[in-house]
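Everything numeric here is computed off the predicted structure, so don't read it as measured data.
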Amino acid sequence: MSDIAERVGRILDDPENWPSDPKEAVALQRRMAGRVRAEPLDASAVRTVAGLDVSYAKDDSALSAAAVVLDAATLEVVESVAIASEVSFPYISGLFSFRELPPVLEALGRLETTPDVYLCDGFGLAHPRRFGVASHLGVLLDLPVVGSAKSVLYGRHSEPGRERGSWTPMVAGRSEVVPDSAALAAGGAEVIGRVLRTRAGVKPVYVSVGHRVDLDGAADLVLRLSPKYRVPEPVRHADRLCGEHRKEVLAARTASEE
DNA sequence: GCGACAG
DNA sequence: ATCTTGTCGC
């Protein structure tokens, strides 16, 4: 059993980690948010990156989760796992991680290798209580995690330039007012993430610190991992894999029922 | 009260 | 997120 499998097992088995009531979940977020650390990540030490995602059934409670490990230099798939499970928490915006992390951790536990960095399809600090799924996973594992989301949950920002690599900051607060560059320079605003254009002329992605990386490092990594498509490669692979896996599980179940 | 709301 | 066919553009 790999090192990460043991840690994942302890996390999943501790009922303190998995409240069933949204009220308790919010309280847990408030307690754990203080443990998030934004710090430089040694990019030269990053050999492998894991992309994580979950695919849900429309009516059913069935779901599949995937973890795909890529070589950070070549972007080739090193290892991938997919597991089937069931929904254990409702989808509530802001409490997304309580729904998504149990199956994600199950998948991580089946990995032979221990990735150096993890990429979540969602936010880290760019969250109303600064504790999105990427921060939640990072604190539970105490490993580097980056958040890369496809739409905004919280915060305000202006639009980045249309060329690949251009970006604007995401600032805490409700999303009507565009952040003021003078206020940013004066350090008066809390920067919680970055709107990053990974493909020219295509809707940007929203990057934030999960845990044990800083925002520059997180954005550099996401851009490196998105040489061709909008969504970073590890997450693209995980998205495709868990979608296929869920359909295979459904097909197998349907076949055995007749 | 109103609007917003990751996947 | 999921359910879905064709269609516009490089």
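A/V54 comes within contact range of no nucleotide atom at all, as no heavy-atom separation falls under 4.0 Å. Contact annotation for A/D53: backbone-only contact, meaning every heavy-atom pair under 4.0 Å involves sugar-phosphate atoms and none involves a base. In this structure, A/G94 reaches the bases: a heavy-atom distance under 4.0 Å links it to at least one base atom across the strands shown. At the heavy-atom level, A/F123 lies under 4.0 Å from base atoms of the strands shown.
For the segment residues 19-37 of chain A, no residue has any heavy atom less than 4.0 angstrom from an atom of DNA chain B.
Minimum interatomic distance between A/L70 and A/V78 (heavy atoms only, all atoms of both residues): C-CG2, 4.0 Å. Scanning all heavy atoms of the two residues, the minimum distance from A/S158 to A/T168 falls at O-OG1, 2.7 Å. Between A/R212 and A/L41, the shortest heavy-atom distance links the atoms O-CD1, 4.1 Å. Looking at every heavy atom in both residues, A/P103 comes nearest to A/L63 through CB-CD1, 3.6 Å.
Between A/D121 and A/K150 there is a salt bridge, with a side-chain nitrogen of the basic residue lying less than 4.0 Å from a carboxylate oxygen of the acidic one.
Between A/K150 and B/dG7 there is a side-chain N or O to OP1 or OP2 distance below 4.0 Å. Distances shown here put every side-chain N or O of A/S151 at or beyond 4.0 Å from the OP1 or OP2 atom of B/dC5.
A distance of 4.5 Å separates CG in A/D239 from CG in A/D53, rounded to the nearest 0.5 Å. Going from atom CG of A/L28 over to atom NZ of A/K23 covers 14.5 Å, rounded to the nearest 0.5 Å. In this structure, the separation between CZ on A/R224 and OG1 on A/T198 is 15.0 Å, given to the nearest 0.5 Å.
Using bins of under 30°, 30° to 60° and over 60° for the plane-to-plane angle, the ring pair A/F123/A/Y206 lands in the tilted bin.
Under the 4.5 Å side-chain contact rule for hydrophobic residues, A/L137 and A/Y91 share a cluster.
Consecutive Watson-Crick or G-U pairing (both distances under 3.5 Å) never extends over three or more pairs in DNA chain C. In DNA chain B, no run of at least 3 consecutive Watson-Crick or G-U pairs with both distances below 3.5 Å is found.
Evaluation of A/Y91 against the base of B/dG7 yields a stacking contact (centre distance < 5.5 Å, interplanar angle < 30°).
Looking at residues two or more places apart in sequence or on another chain, you find a side chain to side chain donor-acceptor pair (under 3.5 Å) between A/S55 and A/R246. Residues meeting the side chain to side chain donor-acceptor pair (under 3.5 Å) test with A/D14, sequence neighbours left out: none.
With a cutoff of under 4.0 Å to any heavy atom of chain A, the contacted region of DNA chain C is bounded 5' to 3' by C/dA1 to C/dC3.
Side-chain contact check for A/D142 and A/H211: at least one donor-acceptor pair (N or O, by modelled atom type) lies under 3.5 Å.
Atom CZ of A/R130 and atom P of B/dA6 are 16 Å apart (whole Å).
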